[in-house]
Amino acid sequence: MYEDKEEVVLWMNTVGPYHNRQETYGYFSLPFCRGDKTTISHYHETIGEALQGTELEFSGLDIDFKIDAAQTKYCEVELTEDSYRAFLYAVKNHYWYQMYIDDLPIWGIVGEIDETGQDYYIWTHKKLDIGFNNNQIVDVNLTSEVKVKLEKGIKIPFTYTVQWKKSNVPYKKRFDKYLDPNFFQHRIHWFSIFNSFMMVIFLVGLVSMILMRTLRKDYARYSKDDDLDDMERDLGDEYGWKQVHGDVFRPASYPILFSSLIGTGYHIVVVSMCVILFSIWGHLYTDRGSILSTAIFVYAATAPVNGYFGGGLYSRMGGKIWIKQMLVSAFLVPSAVCGTAFFINFIAIYYHASRAIPFGTMVAVSSICLFIILPLTLVGTILGRALSGQPNFPCRVNAVPRPIPEKKWFMEPGVIVMLGGVLPFGSIFIEMYFIFTSFWAYKIYYVFGFMLLVFIILAIVTICVTIVCTYFLLNAEDYRWQWTSFLAAASTAFYVYLYSFYYFFFKTKMYGLFQTTFYFGYMALFSLALGIMCGTLGYVGTSAFVRKIYSTVKID
């Protein structure tokens with residue numbers, strides 16, 4: 001809310017090449033000049049803004065609410081050798097800049113190249129049209145005018161005008177102009193959701209039919225076997241999943257890593273659901289960095305989930321080194337994220353990019369990990385060990401592991417793992433295109449209802465596919481189902497990462513070391529988190545299925 005003639009601040013944010021959205025620099029890293037006005041209230045950035053490279057600096061332009069300003073010269077730049085080269089490079093690389101008025105973003109282009117490709121021009125006049133509704137700003141438009149040819153030694157005056165217009169746009173809907181319903185609510189988007197939904201119905205039906213019919217036959221065969229005497233059973237053709245009942249609940253290899261991955265997967269599922277629901281409810285996309293800030297807060301606050309499920313599983317597996325497991329579980333994702341971010345940070349510092357994370361923000365993130373996530377994970381682990389840490393398997397585990405018989409090549413765990421992610425990836429890859437385009441290009445993702453639907457579809461498809469894969473594995477008398485079910489579901493992330501290569505080379509025009517490293521580094525992190533989440537969903541569904549079938553069959 002503004003009073004008449006109250007000061008309105010024009011913040012200058014970043015400037016950078018149009019095709020490299022994440023390669024941004026401070027606006028005044030180019031030899032632009034500021035206006036005369038210097039007294040301004042200080043701007044405080046959030047942790048999300050700091051991580052996203054927001055660098056708001058006061059423009060120095062004198063703008064007052066509802067007061068038109070005629071063409072006013074606010075500063076002048078003399079083109080020395082260095083400033084000429086800086087502007088020339090910016091124009092050649094299609095540099096854009098971003099500004100904010102009352103948290104509404106405005107974009108403008110630095111300059112342009114003439115049709116011959118010989119002369120380079122810079123825009124020197126900013127025409128600001130600001131719409132107001134009562135005492136609130138609801139619309140801002142920037143028109144770049146008056147282009148001046150770049151030549152060494154000349155003086156370039158920079159000017160601006162401000163025109164205020166009454167608008168009927170409600171304050172709550174002032175952000176709608178930045179959204180692109182034609183893109184996000186395209187017929188293909190709706191069709192992909194419908195297609196994925198039909199896939200879910202088909203898969204659930206297929207899994208139910210196969211498993212019910214097959215399991216009924218298995219149960220009938222096993223109950224018939226129980227009626228035979230020992231001599232007939234020895235001469236009979238025994239095979240199938242019942243034969244591994246003494247080994248199927250044997251603890252997974254590398255139990256510390258496995259239980260930490262499962263705990264982390266539960267954590268990521270909870271965080272993803274919370275952030276999607278908060279975004280639907282609170283329109284988080286309208287505020288700079290708010291989705292990232294919310295994700296960090298929710299991740300820290302829900303850390304007990306990680307400890308509870310990871311610690312409980314490790315205890316059921318008979319693990320004794322629970323402190324080590326808790327530490328691995330607490331720092332698995334934060335160490336991967338911080339390691340990747342700090343590596344990219346070195347490149348950002350070399351480039352003097354605004355994406356370089358400030359030291360204070362690094363300390364803040366490290367403090368969150370050490371003083372919030374770690375203690376809460378410890379609390380969750382203690383609760384998990386106490387409440388769900390007792391083994392409660394329907395079958396006892398044999399002292400000596402059963403040898404795994406030879407089987408056909410397509411029943412090997414490695415093949416099952418690679419095939420397990422194909423259908424889940426097929427159910428989400430259209431949505432991946434929309435998410436990638438909003439993050440790596442100039443779209444604002446706002447259709448979180450679609451994302452929620454796709455999330456639910458992905459969970460159902462992943463669980464169904466992994467149950468079928470595990471059934472075939474157990475039928476081949478291979479009881480190594482824990483890691484197989486986890487990795488078969490997690491292989492979805494491998495296909496997503498492969499798709500990110502296709503997207504990079506064929507759907508974007510990114511270039512340069514910084515943008516390429518940023519893209520593939522953060523896509524690897526995204527794929528890692530997606531893989532852990534899908535793997536956990538696959539394991540949890542399969543675990544329930546395995547318990548069910550072994551608890552209902554009669555075993556000596």
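What you are looking at is a predicted structure, and each value in this text was computed from that prediction instead of being measured.
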Do side-chain atoms of [X] reach the backbone of [Y] as a donor and acceptor pair under 3.5 angstrom?
X      : Y      : answer
Asn20  : Gln515 : no
Thr492 : Ala489 : yes
Arg21  : Phe439 : yes

Practice prompt. Taking the six-membered ring of Tyr100 (Phe, Tyr or Trp), confirm whether the NZ or CZ of Arg288 is under 6.0 Å from its centre and within 45° of its axis.
Written response: yes

Worksheet item: Looking at Phe183, does the NZ or CZ of Lys443 lie under 6.0 angstrom from its six-membered ring centre and within 45 degrees of the ring axis?
Response: yes

Would you check if [X] and [Y] make a side-chain contact, meaning some heavy-atom pair closer than 4.5 Å?
X      : Y      : result
Phe309 : Val270 : no
Phe175 : His283 : no
Asp103 : Arg174 : yes
Leu458 : Met533 : yes
Thr381 : Tyr308 : no
Leu261 : Leu332 : yes

Worksheet item: When rounded to the nearest 0.5 angstrom, what is the spacing between CD in Gln482 and CD1 in Ile262?
Response: 9.5 Å

Worksheet entry | Interatomic spacing from OG1 in Thr286 to OH in Tyr178 - rounded to 0.5 Å | 11.5 Å

If you look at every heavy atom in [X] and [Y], which pair is closest and at what distance?
X      : Y      : value
Leu376 : Ala300 : CD1-O, 3.2 Å
Ala490 : Gly531 : CB-O, 3.2 Å
Trp409 : Val415 : O-CG2, 3.3 Å
Ile193 : Leu453 : CG2-CD1, 4.1 Å
Ile357 : Asn345 : N-OD1, 2.5 Å

Discussion item. Whether the Ser329 and Asn306 side chains hold a donor-acceptor pair (N or O, under 3.5 Å, no angle test) is what I'd like checked.
Written reply: yes

Discussion item. I'd like to know if the side chain of Ser260 pairs up with that of Tyr314 as donor and acceptor (distance under 3.5 Å, no hydrogens or angles considered).
Written reply: no

Discussion item. Tell me whether the rings of Phe249 and Phe393 are parallel (<30°), tilted (30 to 60°) or perpendicular (>60°).
Written reply: parallel

Worksheet item: How are the rings of His189 and Phe184 set relative to one another: parallel (under 30°), tilted (30 to 60°) or perpendicular (over 60°)?
Response: tilted

Worksheet item: For Ser438 and Tyr446, what are the C-alpha separation, side-chain angles and deciding distance, and is it a side-chain hydrogen bond (donor to acceptor under 3.5 Å, both in side chains)?
Response: CA-CA 9 Å; Ser438 66; Tyr446 68 98; over 6 Å; no

Worksheet item: Can we say Glu477 and Lys407 salt-bridge, meaning some charged N sits less than 4.0 Å from an Asp/Glu carboxylate O?
Response: no

Are [X] and [Y] close enough that their ring centres sit under 6.0 Å apart?
X      : Y      : answer
Phe429 : Phe425 : yes
Phe258 : Tyr539 : yes
Phe472 : Trp481 : no
Phe450 : Trp190 : yes

Fill in: Residue that, paired with Met523, satisfies side chain to side chain contact (heavy atoms under 4.5 Å, CB included) out of Phe501, Phe504, Trp440, Phe518
Trp440

